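Note on naming: letters A, B, ... go to the chains in the order of the sequence lines (proteins, then strands), and numbering restarts at 1 for each one. Worth saying up front: this structure is predicted, and the values here are computed from it rather than measured.
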Protein chains: 2
Amino acid sequence: MSVMKEKITIGLVEDQLLFRNGIHAILSGWEDLEVIYESGDGYSVIESLEKAEQIPDVMLVDLSLPSNGDKPYSGEQLTIDLAEYFPTVKVLILSAHQDEKFIARLIEIGAHGYLVKDSDPVEVYQAITTVYEKGAYINQMTLMAIQRNIGKRTQSILQPTSDLTSRELEVLGLVCQQYTAEEIGEKLFISVKTVNGHRANLLLKTGSRNVAGLVMYAIRNELVKF
Amino acid sequence: MSVMKEKITIGLVEDQLLFRNGIHAILSGWEDLEVIYESGDGYSVIESLEKAEQIPDVMLVDLSLPSNGDKPYSGEQLTIDLAEYFPTVKVLILSAHQDEKFIARLIEIGAHGYLVKDSDPVEVYQAITTVYEKGAYINQMTLMAIQRNIGKRTQSILQPTSDLTSRELEVLGLVCQQYTAEEIGEKLFISVKTVNGHRANLLLKTGSRNVAGLVMYAIRNELVKF
DNA sequence: TCTCAAACGGGTATAAATAACCATTGAATA
DNA sequence: TATTCAATGGTTATTTATACCCGTTTGAGA
């Protein structure tokens, strides 16, 4: 620890390369910030941080990380894992959404701040320095979200997809593509009965009433492209 | 027109402020580029460009612009309008999606190039210079999308929502919330038959086969929150 | 070895959605 | 005024989806 002012070290976890580079470029405009870690997905973050020489002071984490193949690893999950493995790291969530449930949930599981993606760069800077110095950055929006959701059981935005088997995911994808159970059976070379079996499990596991719910679930959890 | 090398002027249309600033910062790294116009939505672009002293050479347009209130103005619509009012302006689409239908459609209606948001900044630079010099930037992905969709009737990603009446939108919203036709009838104080009538019209207008299609349509067009 | 869950197949119902048609009202508009 | 169209309500059938029940096989793990 030298006497001179140290830079706040930043980690970026954001799938869109262009956006990530953009933030990087923006943050580089401040001399007291330094991006020392970047990742395009959440899978390897914990592992690579454990090997890293230096752990970032603040992690900017995109809430909607992509599902890489079958096992999605969301910003939510990463927040949980960071809180467990690197409790000293401050986590700032970046999200396109401004949903109160999202916000309250993320704060609850260990995020130290929540920023929407159309924030002003200056606010991002303030959030970073504040979260570094004070341990938390709670702006007006976040505070209200927390207040209004105190006592409410916040539920995971991304329910653990591990609940869904690979076959179920496959069926879910085809359901979203407007295929009927019979067509899905043909495509997967299984009986309609089996397809309906999977579908029934999907309804149960996702807590849906019908296909509409399944599609919404799939999209919320980014299991299908749209 | 002076003899010295002129800068390529850029316009940015992107709703997420942070992303927009990020691109701006990235592009500022090249001396031969200059961002001279920015907008967070598509509504006022044509109007404000008509008043502007200088028209950008290249416009970077986010495909998924937000629907401001009731009348959405998509990147697709902006592309069409730019082609009409400013035919000399080169339009580069920025999109989070890599869907071939999207790409083919955008090129068809006048876009000069298509970039996904996790492109490398260098590619963005190349796209800008190429589209400026050659009039088009077609990369591997775009080319394949075009080739595979030649002859196919490309359909608008965001069909004009005006196609849907307010009542139909109401029904669509409730369908997405997993209500059955009967429940929707109760909620809206109309007969199940009428609800089914609306639903049939919705299927027809959106070109869907079933509810799954309706939900996907609603989400694609940002008619429902998710 | 035993157990459990996943994937598979089937039967029998009912509920719901979808596909055809048809007709009336009222509001907007050419 | 005549026309159009959204919104309403209807009939009749068929197709799908959903909800119960029943089972077997297989592989992973305790």
**Prompt:** Can you tell me if A:S44 uses its side chain to pair, donor with acceptor, with the backbone of A:E47 under 3.5 Å?
**Reply:** no
Flag side-chain contact, heavy atom, 4.5 Å: [X] against [Y]:
{"X": "A:L12", "Y": "A:P56", "value": "no"}
{"X": "B:E84", "Y": "B:I46", "value": "no"}
{"X": "B:R199", "Y": "B:V175", "value": "yes"}

Please determine, for the side chain of [X], which listed nucleotide ([options]) has the closest atom?
{"X": "A:K205", "options": "C:dC8, C:dA6, D:dT12", "value": "C:dA6"}
{"X": "B:R199", "options": "C:dA7, D:dT8, C:dA17", "value": "C:dA17"}
{"X": "B:V211", "options": "C:dT18, C:dT12, D:dT12", "value": "C:dT18"}
{"X": "B:I190", "options": "C:dA7, D:dT8, C:dA6", "value": "D:dT8"}

Counting only side-chain nitrogens and oxygens, does [X] get under 4.0 Å of the OP1 or OP2 atom of [N]?
{"X": "B:R209", "N": "C:dT18", "result": "no"}
{"X": "B:S208", "N": "C:dT18", "result": "no"}
{"X": "A:H198", "N": "C:dA6", "result": "no"}
{"X": "A:T180", "N": "D:dT15", "result": "no"}
{"X": "A:T194", "N": "C:dA6", "result": "no"}

**Message:** Salt bridge or not between B:E170 and B:K187? Use side-chain N to carboxylate O under 4.0 Å.
**Reply:** no
Which is true for [X] with a 4.0 Å heavy-atom rule: it touches a base, it touches only sugar-phosphate, or it touches nothing?
{"X": "A:N201", "value": "nothing"}
{"X": "A:A200", "value": "nothing"}
{"X": "B:V192", "value": "nothing"}

Length of the [atom1]-[atom2] vector between [X] and [N], whole Å:
{"X": "B:K193", "N": "C:dT18", "atom1": "NZ", "atom2": "P", "result": "15 Å"}
{"X": "B:E170", "N": "D:dA7", "atom1": "CD", "atom2": "P", "result": "9 Å"}
{"X": "B:L169", "N": "D:dA7", "atom1": "CG", "atom2": "C1'", "result": "14 Å"}
{"X": "B:N196", "N": "C:dA20", "atom1": "CG", "atom2": "P", "result": "15 Å"}
{"X": "A:Q178", "N": "D:dT16", "atom1": "CD", "atom2": "P", "result": "14 Å"}
{"X": "B:L214", "N": "C:dA16", "atom1": "CG", "atom2": "C1'", "result": "14 Å"}
{"X": "B:F189", "N": "D:dT8", "atom1": "CZ", "atom2": "P", "result": "13 Å"}
{"X": "A:L174", "N": "D:dA17", "atom1": "CG", "atom2": "C1'", "result": "16 Å"}

**Prompt:** Taking for each residue the nucleotide of DNA chain D with the nearest heavy atom, is it A:E182 or A:L203 whose nucleotide lies nearer the 5' end?
**Reply:** A:E182
**Request:** For B:T9 and B:Y37, test the side chains for any donor-to-acceptor distance below 3.5 angstrom and give the result as yes or no.
**Result:** no
